[in-house]
Structure formats: structure tokens, C-alpha cells
2 protein chains.
Amino acid sequence: MGRPKEFERDAVLDRAIEVFWDRGYDGTSMADLVEALGIGRQSLYDTFGDKRSLYLLALDRYRSERNTTPWHLLDEQPLRPGLRALFTAIVDWMADEPDGRSCMMVCAAAERAPHDREVERRFCANTEQMERRFTARLERARADGEIGGQHDVTALARYLTNALYGLNLTAKARRDRAYLHQIVDVTLSILG
Amino acid sequence: MGRPKEFERDAVLDRAIEVFWDRGYDGTSMADLVEALGIGRQSLYDTFGDKRSLYLLALDRYRSERNTTPWHLLDEQPLRPGLRALFTAIVDWMADEPDGRSCMMVCAAAERAPHDREVERRFCANTEQMERRFTARLERARADGEIGGQHDVTALARYLTNALYGLNLTAKARRDRAYLHQIVDVTLSILG
DNA sequence: CCTGTAATTGACCGATTGTTCCAGAAAGGC
DNA sequence: GCCTTTCTGGAACAATCGGTCAATTACAGG
């Protein structure tokens with residue numbers, strides 16, 4: 001029934017992610033999007049709604065499909081090497097980003113969270129997810145006797161999440177592998 | 001000579017800080033500024049140049065005059081209580097900000113640093129200043145025998161700066177005093 | 001007082017903003 | 001074939017964007 005779409009929804013959404021990620025919400029115009037997405041203006045509105053709704057869809061897709069943080073590194077090995085591998089991979093990725101771009105959720109939170117409850121909700125969910133991943137791994141480590149009991153597992157997970165968020169900002173000031181690794185070293189030294 | 005200005009430059013700049021801080025660079029229009037600053041459009045352009053130049057001036061004034069971080073707490077007491085007092089004051093401030101607003105330099109860096117070298121420069125300077133403040137205090141602590149030698153003083157300073165940056169983002173997800181204090185506890189526990 | 005200089009005011013500029021309208025094109029079901 | 005449904009492309013919308021212009025106003029120095 002009816003004429004079929006000439007584009008793949010997800011592929012277009014991926015391009016929207018790239019544009020919003022690069023220029024932010026207010027910094028991106030619908031004209032920018034029409035050009036970058038390669039579809040007509042009306043198709044854009046029919047398929048994704050208005051600008052804000054497209055932005056939220058892009059955020060959702062980024063979080064579920066495009067965020068390539070290699071969390072699997074955590075589970076494949078003992079706690080300490082796993083954490084080091086994870087943080088190293090993240091820091092290397094940050095140092096390689098040409099213009100110091102950070103995690104899209106961080107960009108979104110900084111720009112829109114104070115003014116858009118839906119963006120705030122998504123950033124909260126992102127934070128909780130990271131926290132849960134760390135918590136799960138730390139609980140296993142505690143059961144395996146890999147870490148002592150001087151800190152609450154939940155507190156440690158929040159501490160690690162906070163450090164990752166910090167690196168997103170620090171990397172904007174110093175896109176320098178050694179510099180960032182030095183911070184990671186101190187951060188992880190808390191686990192002995 | 002000539003007609004005197006009817007406004008105080010610094011007071012107007014303070015109002016500009018507030019607007020840019022709240023709505024960001026792209027989110028603020030010149031019309032917004034004219035209204036909030038209470039001066040005419042032409043006076044605005046004559047006195048502060050164009051929008052970007054006003055933004056940079058606002059950032060400079062924020063950094064030199066309006067950033068009320070109580071660094072003095074660091075110097076008035078031994079290292080550990082000083083750090084705890086500083087971090088506690090910052091976390092309390094964050095928890096009290098009604099819409100989860102963070103440090104203006106963080107907002108500026110997230111939105112503009114990737115696209116504006118002058119904003120990036122100012123964020124780098126901000127980072128270095130924080131780092132230097134921590135370094136100076138830590139060096140004194142080391143000389144006084146307050147801390148051991150398991151970590152480089154510079155590395156520790158960068159670690160603390162990174163943690164503060166992280167709290168700016170974490171506070172956007174969880175504007176919760178106890179939650180943030182828990183992170184501070186773990187962060188500072190590294191000093192024994 | 002008058003003159004020179006600078007600040008104010010408000011209208012105004014073309015460009016761009018997000019969004020909608022509409023005529024036409026392309027498919028599926030009959 | 002036709003009809004219905006959906007998608008497309010471009011023109012068009014009022015509103016707003018950052019920025020400028022010219023006329024007017026107000027002070028300082030003579």
C-alpha cells in the first residue's frame with residue numbers, strides 16, 4: 001500500500017546522530033539536516049516529526065546502537081586488567097577524536113538537560129546504565145575475592161562513572177594520551 | 001568627552017554571564033541579550049562588539065570575578081580537611097542549583113570548545129589553573145609530610161581536577177547531596 | 001552660550017529559522 | 001487499466017536571526 005520510502009530509517013538516523021553530535025541541538029538547523037540526511041524536508045517531518053523529536057530519536061539510537069564503548073573488556077578478564085583495558089580504550093578513543101568531541105550523551109546533557117526533561121531523562125538512564133555495569137562487575141569481583149571491603153561496591157561504581165564523565169571534559173582541554181592515562185592510573189589505583 | 005554611558009560595563013557583563021550561562025551560546029539571541037542587559041542594541045555592539053566577542057568577554061569575567069569556588073578553604077587548614085571542605089562546598093552548591101546548572105566553563109567547553117579555538121583556550125586555562133591550585137597545595141602537603149610519595153603530585157592534581165569536572169556532569173543526572181558526597185568520599189580516600 | 005564627541009533610540013536590513021502547503025510521482029490492491 | 005495510499009520536491013510561510021544605519025540626545029571643554 002502506498003509508495004515505499006526511498007531511504008533506510010536507521011541509516012538516516014545515523015547521519016542525524018553525526019550532525020547533532022558535531023553541532024549540538026541549537027547549532028544544527030533543519031537545512032543542515034536536510035542536506036546531511038539526504039532526504040527531502042517533508043519526508044523528514046513525516047518520518048521523524050519535528051526537530052526536537054528527531055533529536056530525541058537520534059539520542060535513543062546513539063545510546064542503543066552507536067555507543068561503541070567496549071564494555072565487554074570488563075567481563076573477559078580479571079577486574080583490574082579489565083578496568084584498565086576499558087579505561088585505556090576509552091582514553092585512546094578520546095585522544096583520537098580530531099576535534100575533542102566527547103560522548104554524545106555528555107554533549108546532550110551539557111546543552112539540553114537543564115531545559116529539556118526528556119534529554120535529562122536519557123542522560124540519567126545513561127548514567128544509571130554505566131553505574132549498573134560497574135556495579136555488576138564489582139560485585140562479581142568481590143565474590144571472587146578480587147577486591148577487599150574498604151569501599152561499598154555501589155560507591156565504587158559511582159566513583160568510576162564520575163571519573164569517566166570527568167575524562168570527557170578533561171579531554172577537551174588536554175587531548176593527550178599520556179596526560180589522560182596518568183589520570184586513569186591514579187583513578188584505578190584505588191582498587192590496590 | 002562626549003555623552004557618558006548610562007550603564008556600568010561590569011554590571012551589564014554580569015547579566016550577560018547569567019544569560020549565556022543559562023541558555024548557552026547558540027541558545028541566546030541578541031534580542032534576549034538586549035532585553036536582559038537592559039541596554040540598547042547599538043550600545044551593546046559599540047561596547048562589547050558582536051555576539052561572539054561579548055560571549056568571550058562574559059567567559060573572561062566569569063573566570064576572573066564570578067567563579068566563586070572557595071579555593072581559600074584549601075589553604076586555611078591541613079590538606080585532607082581542606083580538600084574535604086572544598087569538595088563539600090562545591091557539591092553543596094551543585095545540589096542547590098535549581099536546574100542542575102554546572103560551572104559556566106564546563107557549559108562553554110561542551111558547547112563551543114570543539115568549534116571555537118578561543119573558547120577552547122579559555123577552558124584549557126581554566127583547567128590549568130585548577131591543576132596549579134591543587135599542585136601548589138599538594139606540594140606544600142608533601143613538604144609538611146602530610147602525604148606519602150606513592151603518587152606524583154602533578155598526577156594527583158590532575159586526578160582531582162578530573163573528579164571535579166566529573167561531578168559537574170554527574171550532578172546533572174543526580175542532583176542529590178548524599179549521592180555526590182559518596183563520590184567525593186571515594187575520590188578523596190586515595191589520600192589515605 | 002556653542003561646538004565636538006560619544007551614547008542612545010528605534011527602525012531597518014537581508015539571511016536564516018522551524019515548519020507547512022501543495023502538486024506530482026510511485027508503488028500496491030483491485 | 002484505475003484507485004488509493006504514501007512519499008517526494010520545491011515553493012512558501014511568518015518569525016526570528018545577527019548586525020547596521022541614521023537621527024537624536026546628552027554630556028565635556030571652550
Side-chain angles (χ1 to χ4, degrees), chain A residues 1-60 107-108 111-112 114-119, chain B residues 1-60 107-108 111-112 114-119:
Chain A
M1 29 144 123
R3 175 175 173 179
K5 286 190 197 298
E6 292 180 3
F7 55 87
E8 287 176 57
R9 185 189 160 91
D10 284 348
V12 169
L13 225 33
D14 282 342
R15 266 168 269 159
I17 288 174
E18 223 59 44
V19 182
F20 278 128
W21 195 355
D22 180 42
R23 305 182 220 183
Y25 180 77
D26 281 324
T28 301
S29 72
M30 293 305 287
D32 293 338
L33 288 165
V34 167
E35 189 191 352
L37 271 50
I39 69 175
R41 226 180 177 78
Q42 192 60 40
S43 305
L44 201 166
Y45 274 91
D46 285 345
T47 312
F48 304 106
D50 63 9
K51 184 184 179 185
R52 171 166 178 267
S53 131
L54 171 60
Y55 184 65
L56 296 176
L57 288 169
L59 277 189
D60 287 337
C107 300
E111 183 186 1
R112 300 297 311 160
H115 304 293
D116 191 322
R117 192 158 311 220
E118 287 302 313
V119 174
Chain B
M1 34 159 103
R3 181 174 172 177
K5 288 189 195 297
E6 292 180 2
F7 55 89
E8 286 175 58
R9 184 190 162 91
D10 285 347
V12 170
L13 226 32
D14 282 342
R15 267 169 268 160
I17 288 174
E18 223 59 45
V19 183
F20 278 128
W21 196 355
D22 181 43
R23 304 182 220 184
Y25 180 76
D26 281 324
T28 301
S29 72
M30 292 306 289
D32 292 338
L33 288 164
V34 166
E35 189 192 352
L37 270 51
I39 68 174
R41 221 182 177 74
Q42 191 62 41
S43 304
L44 201 166
Y45 276 90
D46 285 345
T47 311
F48 304 107
D50 63 9
K51 185 185 178 185
R52 172 165 177 268
S53 131
L54 171 60
Y55 184 65
L56 296 177
L57 287 169
L59 277 189
D60 287 338
C107 300
E111 183 186 0
R112 299 299 310 161
H115 300 99
D116 191 323
R117 193 159 308 223
E118 286 302 313
V119 174

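Here is how names work: the chains are called A, B, and so on, in the same order as the sequence lines, proteins then strands, and each is numbered from 1.
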Length of the [atom1]-[atom2] vector between [X] and [N], whole Å:
| X | N | atom1 | atom2 | value |
| --- | --- | --- | --- | --- |
| D46(A) | dG9(D) | CG | C1' | 12 Å |
| Q42(A) | dG9(D) | CD | P | 11 Å |
| L44(B) | dT20(D) | CG | C1' | 13 Å |
| K5(A) | dT5(D) | NZ | C1' | 12 Å |

Apply side-chain hydrogen bond (donor to acceptor under 3.5 Å, both in side chains) to [X] and list each qualifying residue two or more places apart in sequence or on a separate chain.
| X | value |
| --- | --- |
| R52(A) | D116(A) |
| S43(A) | none |
| R41(B) | none |
| Q42(B) | D46(B) |

For D60(A), the side chain to side chain contact (heavy atoms under 4.5 Å, CB included) test, sequence neighbours excluded, returns R122(A)
So side chain to side chain donor-acceptor pair (under 3.5 Å) across residues 27-39 of chain B, not counting sequence neighbours, yields R23(B)-D32(B), S29(B)-D32(B)
Is there a residue in residues 6-21 of chain B whose heavy atoms reach under 4.0 Å of DNA chain C, and which residues are they?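 Heavy-atom contacts with DNA chain C come from E6(B), F7(B).
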Return a single string for nucleotides 12-17 of chain D, one symbol per nucleotide in 5' to 3' order, where B is base contact, S is sugar-phosphate-only contact and - is none, cutoff 4.0 angstrom on heavy atoms. -----S
Touch check for D50(B), heavy atoms < 4.0 angstrom, all strands: base, sugar-phosphate only, or nothing?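 Sugar-phosphate contact only.
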5'-most to 3'-most nt of DNA chain C touching chain A (<4.0 Å, heavy-atom partner on protein side) reads dT17(C) to dG28(C)
Does D26(A) have any salt bridge (charged side-chain N to carboxylate O under 4.0 Å, His left out) partners at least two apart in sequence or in another chain, and if so, which? R112(A)
With sequence neighbours excluded, residues passing salt bridge (charged side-chain N to carboxylate O under 4.0 Å, His left out) with E6(B): R3(B)
Closest approach of A108(A) to L59(A) (non-hydrogen atoms, all atoms of both residues):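 Minimum heavy-atom separation between A108(A) and L59(A): CB-CD2, 3.7 Å.
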Separation between CG of L56(A) and NZ of K51(A), rounded to the nearest 0.5 Å: 12.0 Å
Test ring pair (Phe, Tyr, Trp, His ring centres under 6.0 Å) applied to Y55(A) - qualifying residues, sequence neighbours left out: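 With sequence neighbours excluded, Y55(A) shows a ring pair (Phe, Tyr, Trp, His ring centres under 6.0 Å) to F20(A), Y25(A), given in chain and number order.
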